[in-house]
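Structure first, commentary second.
Chain identifiers are assigned alphabetically (A, B, ...) following the order of the sequence lines, protein sequences preceding nucleic acid strands; residue numbering begins at 1 within each chain.
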There are 2 protein chains.
Amino acid sequence: MESLRVTVDIVIFTLRDGILQVLLVKRGVPPFEGQFAIPGGFIRQDESLEDAALRELYEETGVRNVFLEQLYTFGDPKRDPRGRVVTVAYYALIASDKLSLVAGAEAAEAQWSLANEPPPLAFDHKSILEFALERLRNKLEYTTVGFQLVPEKFTLGELQAVYEAILGRQLDKRNFRRKIALLGILKPLREWRHTGRKPAQLFRFASARFEKLKDKGILFPF
Amino acid sequence: MESLRVTVDIVIFTLRDGILQVLLVKRGVPPFEGQFAIPGGFIRQDESLEDAALRELYEETGVRNVFLEQLYTFGDPKRDPRGRVVTVAYYALIASDKLSLVAGAEAAEAQWSLANEPPPLAFDHKSILEFALERLRNKLEYTTVGFQLVPEKFTLGELQAVYEAILGRQLDKRNFRRKIALLGILKPLREWRHTGRKPAQLFRFASARFEKLKDKGILFPF
DNA sequence: CCAAAAGTGTTAGGAGTACACCCATGG
DNA sequence: CCATGGGTGTACTCCTAACACTTTTGG
C-alpha cells in the first residue's frame, strides 16, 4: 500500500488596527530557509485532521474555541522539493481580544503579516494563502464568518471595519447597519466605548439566534 | 516522519430519466463485503490528487474531460476499521450522452443508484455522498455546474429538469427561461426534438461566453 | 379530438443602493 | 470651537416570484 506524508497547514487570520493579518513563521532550515511559511505540521496516527489543525493552532497561538474550517487539500507531487507531502489546509479566524497569548511555545519565530501583501512564502504557500483569502471573501457575503473576527463586545463601526478590511472596499454605513439589524442577532449593551469622540454603543451577539445562522446563509450581499 | 495511507474517492453523478444518480461499486471483500461504496483508490507516489481522481474516474466510467472538483478530505482515524486511511473526496458530473462506455474494465460491479435514496454504504461513504449532494445543490445556484449534466444538444425542458432534480423542487418555467436567456450563453439550433408531443427546440452552449462564466472549479475543455 | 409538453409577458413586492445631515465628545 | 467618528431615513431601481393561456403534435 502506498503511504504518503500528510501535514495540516493553518492559515490563521486576525484583524488588528482595521487590517487583515495572517500568522507566518520564519523557516530555520532548508529548503526556503529564512523565508516565511504558513504554520503546519504532520498529522499523528491517532488524531483526526481537525484535531491536528486544532493542536497546531493551539501550539502557535495559545487559543482554542475559534472558528476553524477545512480549506482544501494540496497534493502536487512537486510542491515540496524534499519529497512528496500532501497537505490539508485549514483556515482559522481569531478575534483580536483572544490574541493576548501569542507568545506560545513555538511562537518564537511567528509573526503577523499583512494578509493582502505577504512576504515571499515557501513552498506553494502563496497559493494556499490566496485560496484562503478567496474563501474568506466569498463566505463573508453569505455567512456569518465575519462575526468571528470581532471582540466579544464591539461597536457597529468595528464590525463594519471587518467587512471593509476583508472585502477591500468601503461600505455604506446606513445600509450596513440596516442589514445587520435585520438579522436580529445583535444585543445592544448599556455600555459605550469612549475613544475620544462621540461614544459608540457596544453590542454582543445573541447566541441563541446566532447559532441558527451560523454557517448557514441568511444572505449578506453588500 | 509519519506516513498515512491516502486515497481518492469520487462521487460520480449523472442525470438519467430526470433523476440524479450516483455511481456505486459493490464490495467483494471485507469489511462491508457485499455493501456498496463510492469508487476510489490509492494515490500513487508520482501523481497529483487531481490526476489520481481523473484516473479513477476513467477506470470506472471510461470518460475524460468532464467536470471534476475536489470536495473535502475525510480523515477520522476510525473511518476505516482496517486502519487509518485519509481520503480526498472529489465529485464529478457526467452528461448522459457521454455515458455509453460504462462497461470499463473495473466496472463489472458498478451500478447507478438514486443519489437521494442510496443503499446502505460502506465506511463513512454516506457522509461523503451527503456532502457532495449539499455542495452540488449549493453550487447549482451560483455557478454553471448544472450545465455539465445536460447533453451537448438539449431542450430547455431538459435543462430545467436538471435543476429540478438536484434542487428537489419544481421551478417556474417562464422565470427559469428568462434567467437562462439573460446569461446569453445559449445558442439556439435549427433543430427540434420530436418526442411525440409538440417539438422542442434544441440548444447548445456558446462556448466563448460559457468560458467567461465558468466557475473557478476545474472545468475541463469540451 | 384529446392529452401532454412547448412556448410566451405582465405585475407586485422586496431587496439593494445611493445619498446628507446633525450629534456628542475630547482635546 | 473644531475635528472626528456616531448615528439616523428616504427614494429609486432592479431582481424575483407569482401567475394562465395558446400552440403543436402524435395517437
> Whole-Å distance between C:dA6 C1' and B:Phe176 CZ?
Replying inline: 14 Å
> Just how far, in rounded Å, is C1' of C:dT17 from CZ of A:Arg177?
Replying inline: 17 Å
> For A:Glu158 and D:dG5, what is the distance between atoms CD and P respectively, to the nearest whole Å?
Replying inline: 13 Å
> Taking the side chain of A:Arg178 as its heavy atoms from C-beta onward, which of D:dG9, C:dG7, D:dG5 lies nearest to it?
Replying inline: D:dG9
> What integer distance in Å separates A:Leu189:CG from D:dG6:P?
Replying inline: 16 Å
> So, do B:Phe205 and B:Phe154 have ring centers that fall under 6.0 Å from each other?
Replying inline: yes
> Atom CD of B:Glu141 to atom C1' of D:dA17: distance rounded to whole Å?
Replying inline: 14 Å
>> Within the 4.0 Å heavy-atom criterion, would you say B:Lys179 contacts the bases, only the backbone, or no part of the nucleic acid?
In response: sugar-phosphate
> Tell me: CG of A:Leu156 to C1' of D:dT8, nearest whole Å?
Replying inline: 12 Å
>> Side chains of B:Asp124 and B:Ser127 only: does a donor on one sit below 3.5 Å from an acceptor on the other?
In response: no
> Without hydrogens or angle criteria, can the side chains of A:Ser96 and A:Thr14 be said to hold a donor-acceptor pair below 3.5 Å?
Replying inline: no
>> Both A:Arg197 and B:Thr195 contact DNA chain D. Taking the nearest nucleotide for each, which residue is further toward the 5' end?
In response: A:Arg197
>> Using ring pair (Phe, Tyr, Trp, His ring centres under 6.0 Å), reason through A:Tyr91 and A:Phe67 one step at a time and then give a plain yes or no.
In response: CA-CA 8 Å; A:Tyr91 72 110; A:Phe67 176 90; 5.6 Å; yes
>> Closest-nucleotide mapping onto DNA chain D: is A:Gly196 or A:Lys173 further toward the 5' terminus? I mean the 5' end.
In response: A:Gly196
>> I need the CG-P distance between A:Leu171 and D:dG6, as an integer number of Å.
In response: 14 Å
> Heavy-atom distance under 4.5 Å between the side chains of B:Leu133 and B:Val11, does that happen here?
Replying inline: no
> Of A:Asp172 and A:Lys198, whose nearest nucleotide on DNA chain C comes first from the 5' end?
Replying inline: A:Asp172
> When you measure from the side chain of B:Asn175, which nucleotide among C:dG9, C:dA6, D:dT24 comes out closest?
Replying inline: C:dG9
>> Please report the distance, rounded to the nearest Å, between CD1 in B:Ile180 and C1' in C:dG7.
In response: 16 Å
>> Using OP1 and OP2 only, check whether a side-chain N or O of A:Arg174 sits under 4.0 Å from C:dC19.
In response: no
